[in-house]
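A single structure is presented below for examination.
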Amino acid sequence: MTAALTADLVRARYREMLRIRRFEERCVELYSATKIRGFLHLYIGEEAVAVGVMSTLADGDAVVATYREHGHALARGVPADSIMAEMFGKVAGCSRGRGGSMHLFDVGRRFYGGNAIVGGGLPVAVGLALADRMRGEPNVTACFFGEGAVAEGEFRECMNLAALWRLPVLFCCENNLYAMGTALARSEAETDLALKATGYGMAAWSVDGMDVVAVEDAARRAVESIRGGGGPVFLECRTYRFRAHSMYDPELYREKSEVEAWKQRDPLLVLANREEAAGVLDDATVAAIEAAVADEIDTAVAFAEEAAFEPLEELTRFVYSEDGR
Amino acid sequence: MTAALTADLVRARYREMLRIRRFEERCVELYSATKIRGFLHLYIGEEAVAVGVMSTLADGDAVVATYREHGHALARGVPADSIMAEMFGKVAGCSRGRGGSMHLFDVGRRFYGGNAIVGGGLPVAVGLALADRMRGEPNVTACFFGEGAVAEGEFRECMNLAALWRLPVLFCCENNLYAMGTALARSEAETDLALKATGYGMAAWSVDGMDVVAVEDAARRAVESIRGGGGPVFLECRTYRFRAHSMYDPELYREKSEVEAWKQRDPLLVLANREEAAGVLDDATVAAIEAAVADEIDTAVAFAEEAAFEPLEELTRFVYSEDGR
Amino acid sequence: MTTTTTTATQTYREAMRAAIREAMQRDPRVFLMGEDVGRYGGCFAVSKGLLEEFGPERIRDTPLSESAFVGAGIGAAIAGMRPIVEIMTVNFSLLALDQILNNAATLLHMSGGQVPVPLVIRMTTGAGRQLAAQHSHSLEGWYAHVPGLKVLAPGTVDDARWMLAGALADPDPVLLFEHAALYNMEGDPGESPTQPDPWSAVLRRRGEAASVITYGGSLPKCLAAADALEARGVAVDVLDLRSLRPLDDAALLATARRTRRVVVVDEGWRSGSLAAEISARITEQAFYDLDAPVLRVCSAEVPMPYAKHLEEAALPHPDTIVAAVDQVMRDG
Amino acid sequence: MTTTTTTATQTYREAMRAAIREAMQRDPRVFLMGEDVGRYGGCFAVSKGLLEEFGPERIRDTPLSESAFVGAGIGAAIAGMRPIVEIMTVNFSLLALDQILNNAATLLHMSGGQVPVPLVIRMTTGAGRQLAAQHSHSLEGWYAHVPGLKVLAPGTVDDARWMLAGALADPDPVLLFEHAALYNMEGDPGESPTQPDPWSAVLRRRGEAASVITYGGSLPKCLAAADALEARGVAVDVLDLRSLRPLDDAALLATARRTRRVVVVDEGWRSGSLAAEISARITEQAFYDLDAPVLRVCSAEVPMPYAKHLEEAALPHPDTIVAAVDQVMRDG
Ligand SMILES: Cc1ncc(C[n+]2csc(CCOP(=O)(O)OP(=O)(O)O)c2C)c(N)n1
Ligand SMILES: Cc1ncc(C[n+]2csc(CCOP(=O)(O)OP(=O)(O)O)c2C)c(N)n1
Ligand SMILES: [Mg+2]
Ligand SMILES: [Mg+2]
């Protein structure tokens, strides 16, 4: 498969990861400028996971993510301006300003959020897959969650239910080693996450989550197997969060040196250093990509700035459906 | 160890299992006579599990059971009369008539109930063990639950927490193949329950739950290892429920023939047919045991009949402690 | 579809079963999912026989994983199915509350209107069968506190037969509470709905002396109390709320203003009960029309005891309701 | 124990930390358990520094397993320890509700008095920080519905400093709700408790025009409203409930009877709010002493939106409280 990674694809993946990186860097500035509020969880360092997995999904497939989902939304094709507008709390936002950073939605792209309860998105993903299965649709539901979620009962119930009913779910575990300040070894008695899947009779494998090509290959195998009726797959992506858990995290729980070591494996560098990238990502190309990305983000920020706030009279809309009573 | 099973012990175990059997048979009559109400879940057929495990516990150890706990209470030494009085709803009952069949308690014997939420007792057991551990007490907490509970998130969270903190818990899974009408294979993607424990890095083994000697040997090994600081153990006891799930179960989900086949492995027969029992359980001995058991149960019923009901003025007692405010 | 036409009297249980069967026959998107709904026949035998008729895909037995299968119902509803999720009893629904409150009730709002959740969750509620402290809760009032949810409580065979269709037709999550003590109640639901849509309250008795406002399992008790009062020449309104969220304010105020004396009967624990909300609403909006303070008849504030005499003492009864009506008529 | 003596003003956060530290120094049975209470320093930094002082056994980080570690707290309490379990926010407590309601609240009763559960559960509650629909609930009123539980809501630095000891001294399960918006509030808790025990309400302002009854995160808003009214020559009572279960009925009735006009302020959703219970109780017991119906100022019935202007519009504010007081004074 790696052979299939043409120069175009190398550029495309690099660009996609850079979009996420620069988008979030801008979010940090906008947070300091109090344009963005609430919790802001950055995906910086983990871009290869969302980009690698999303590139294997079809339009009909569904996605469920967590509160750390800017990258997933961007990689799934949710327009940057509607995401930025959402974080500005504007009506033009992808959730009309009701959700904010933690609750990005885009049903047209089957992007079902944006769930801020750890493990809370998994049952929903199982249900989306159940519906596809009952209707004989060939879709796969990709569900992203952190390794911290593995300790939640909801995770374990869902792994069993999906395996028992052989539902088309890709359980994509983003193992960035920490749940806020809790290292995996202080959260799980057995830290080999893929091993857990065997307790549910589910196929499982681990992949280097800093290498977008490796993630894409692993995800493609998983998605093909799932689509072929092979039942759910648990995919552990070994990655790392370069930034704090959120904007309010003093990072007392890890050494700067550890962070630095992982930064040596920055997914942008890892891709640039792969042989397929040789000569493809020259300075001019990268500069051009940077420029295009900067453009897109500037446009998104301008769009968000100019967008309107929802009128106060609309406060209680969307509590119940308008076609309901 | 089996060698340690002297003639006295054979008689003792037989007698203990018979006590439970006859006690519950009487309960059925009393249920029809509407002396006992609410839900009544019978343990008949599974006696070897409670008797085998309890015989390995010390006074300081703690026990947490389910709504199917008459056998556990009796085997733990809770007096038959206080259990019967409880089911009659009398103030002399082991829970003052507040709990009934599903909520038998006897703190003096560290018997912490009697929990009617499937999986609900496990976190409590983990906490009892945590307290012992923090205080350096050598106690073990034995937690009984059915195989159906394995699907609950609470079970999975507790397995992980106990293993992570290496708490002195014996997880005793009574695998009687059905959760109400749901066969294990329709509840778990992986039906090898002991295998699941590996996902938590916990020691686990399975045992013939119809053979009290086998259960006792397995439980003794487990309890010794736990007491020795080896961390929690998951013990699967393969058993079978001879009666309906409760008083209202038409048993549409299993074949009479299956029930009959398991009755050939009645724990009373299995023990009687063991070599250690040869010549020990002659007709006279069995008759004497039957007589003694019948006596005990008659006394318990008479006690329950004569016992008083709690006065209505006491209705709202025990909502808060009386030494509280 | 003779299977769905109802022949004269049937039980509340049979009516609910007929409603489920009819919904499944009419709409292929509808399926029933929950613990022991299939092979066992339903823990209260409501779904008995449906597995044979519709098969295991649509009468779907689940493992004991309340959070996962309720959440799966949410996901399936989002994707266009019309799941009916059965939770054996409201006590166990606590294990699925994260999914119900944090997802079912919020997804439409969090997504800015993109993700409606047309899910129906059925569960039994209430005490009265000596099932003690972990199987006797009445938490429907709790659920009625949550914006984004709708809550129905069929208290008659008629509503057991016809309310479900309204719940399934609704685009938002609807919780249906069936009081376990009602399953054997008999009545004739007729061939078609006679009541208005499920969301409005219905006056089950009409009188001028006072208003008794109730729902679900307490309705038969209130009707019995009304009969007893009638025998003494005291005629009262008995208003059946039917929908606990939204509440039919107009109906509440109409009866309160007409009789000027109100008793609310609710099996929930008194403090923080739905009865408190009804009392507060009536007082807020009809204070000057009342001749006496709104009274509440609720359960004693005790985890339900097993012993029959204690459980009975903890619950509302026709005689305690009659006493409350006498009281509210003496007041002022 | 200089660490526990308080030097003049400190924040609500520091006061809570001092209370925990003092409890742990005084009683070896006390320990703190929850997600990120240790290495991370507490998600709201309440427990910052305690790991270094007491070590990982007594400042115990847990996995993300709300049901297991809350239940473990119950078991440890039963066995004689005095756990303080921290749940990051009330929204996540839904995952532990089975343990809290079906075990902590019922074990004493189900066992006929044999199994008290001396457990303290601390959690943050409330909105106001643009955390949207899954992180902004105010469910303390829900918990106050449950017999067997006690519920406290410290609304001042003083109570943050001194209430915990009372909660730990209680033999039954006590839930302590800390409104996240209060952590940076400053005050001087003094060297020892000045307030009565945690279970009685306290009059924070005294006036004759009307009574404002509130608790927790809404207290500062009510005090601001009282100031604004004062400036206009209108003096009101501001009653801080402090304990939501049990409720201090005597204090509720005393203020209601004296001013004859009551406004209840509660951040919970209006329908089924704790404010409804307070309205119902006052009406039941002091109907003839009231000059106007009890009014409620609550949150709009909407899952909390993210956008600042929408969130603010959904919550009670000093001006909406002032408006309600003006209203209740116009009434009747
Ligand atoms: C049920 C629940 N418990 C606690 C939290 C608070 N919380 C938010 S993110 C987080 C850490 C989750 O870690 P992980 O699953 O590894 O995802 P990551 O943040 O590392 O991407 C916690 C504890 C929550 N949101 N939901
Ligand atoms: C959380 C929860 N869900 C459902 C029930 C209803 N219920 C009571 S017993 C039971 C079956 C449990 O099966 P298992 O754990 O195997 O124990 P067994 O009855 O076979 O001993 C069920 C579903 C319950 N009590 N609690
Ligand atoms: Mg993580
Ligand atoms: Mg079983």
Side-chain angles (χ1 to χ4, degrees), chain B residues 62 64 86 91 93-100 102-108 110 112-117 119-135 137 139 141 152-154 156-162 164-165 167 310 316-325, chain D residues 28-29 31 33 57-58 60 62-81 83 85 95-96 98-99 101-119 146-150 166 169-174 197-200 245-246:
Chain B
V64 175
E86 183 58 32
V91 68
C94 59
S95 304
R96 292 183 69 107
R98 306 274 173 160
M102 300 198 290
H103 305 300
L104 305 174
F105 284 83
D106 185 341
V107 170
R110 299 206 76 200
Y112 293 106
N115 197 303
I117 302 298
L122 278 80
V124 175
V126 168
L128 291 165
L130 174 61
D132 282 326
R133 165 67 182 281
M134 290 180 81
R135 283 186 306 225
E137 306 277 358
N139 307 328
T141 296
E152 291 284 0
E154 285 190 335
R156 297 156 193 270
E157 289 186 0
C158 289
M159 288 285 285
N160 180 55
L161 197 62
L164 181 70
W165 292 349
L167 300 178
E310 187 140 31
T316 56
R317 277 187 74 186
F318 315 121
V319 178
Y320 297 102
S321 300
E322 280 154 19
D323 53 333
R325 57 176 306 293
Chain D
R29 301 172 306 169
F31 65 100
M33 167 164 68
E57 282 281 304
R58 292 184 70 198
R60 191 170 275 271
T62 67
L64 273 77
S65 304
E66 284 78 6
S67 195
F69 71 75
V70 169
I74 293 169
I78 288 171
M81 301 295 283
V85 171
L95 289 158
D98 165 56
Q99 288 300 311
L101 200 156
N102 284 323
N103 283 344
T106 63
L107 279 162
L108 180 69
H109 192 80
M110 293 193 301
S111 65
Q114 292 179 83
V115 184
V117 182
L119 169 68
V146 183
L149 300 181
K150 295 181 179 181
D170 197 273
D172 299 312
V174 179
D197 70 63
W199 314 106
S200 41
R245 186 178 185 98

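Letters go in sequence order (proteins before strands), and every chain restarts at 1.
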Option in D:Arg58, D:Met81, D:Arg29 with maximal non-hydrogen atom pairs under 4.5 Å from chain B: D:Met81
Residue, of B:Val64, B:Asp106, B:Leu104, B:Leu122, that accumulates the most heavy atom pairs under 4.5 Å with chain D: B:Asp106
Residue, of D:Gly73, D:Ala76, D:Gly148, that accumulates the most heavy atom pairs under 4.5 Å with chain B: D:Gly148
Test side chain to side chain contact (heavy atoms under 4.5 Å, CB included) applied to B:Leu164 - qualifying residues, sequence neighbours left out: A:Ala189, D:Pro63
D:Arg60 to B:Trp165, cation-pi by 6.0 Å centre distance and 45° axis angle: yes
Under-4.0 Å salt bridge between B:Arg98 and B:Glu310: yes
Engaged part of D:Val174 at the chain B interface, taking heavy atoms whose separation is under 4.5 Å: neither
Contact leader toward chain B among D:Ile74, D:Asp98, D:Thr62, D:Val117, where contacts are heavy-atom pairs under 4.5 Å: D:Asp98
When D:Gly113, D:Pro147, D:Ser111 are compared by non-hydrogen pairs under 4.5 Å with chain B, the top option: D:Ser111
Top contributor to chain B contacts, counting heavy-atom pairs under 4.5 Å, from D:Gly112, D:Pro118, D:Gly71: D:Gly112
Contacting moiety of D:Leu149, where chain B heavy atoms sit under 4.5 Å: backbone
Donor-acceptor pair, side chain of D:Gln99 and main chain of D:Val70, under 3.5 angstrom: no
Options B:Ala131, B:Ser95, B:Gly100, ranked by heavy-atom pairs under 4.5 Å with chain D, top entry: B:Ser95
When B:Arg133, B:Met134, B:His103, B:Glu86 are compared by non-hydrogen pairs under 4.5 Å with chain D, the top option: B:Met134
SB check B:Arg317 B:Glu322 (cutoff 4.0 Å): yes
For B:Arg110, side chain to side chain contact (heavy atoms under 4.5 Å, CB included) partners two or more places apart: B:Ala62, B:Arg76, B:Tyr112, B:Leu128, B:Asp132, B:Asn139, D:Ala79
Heavy-atom side-chain proximity of B:Phe318 to D:Leu107 below 4.5 angstrom: no
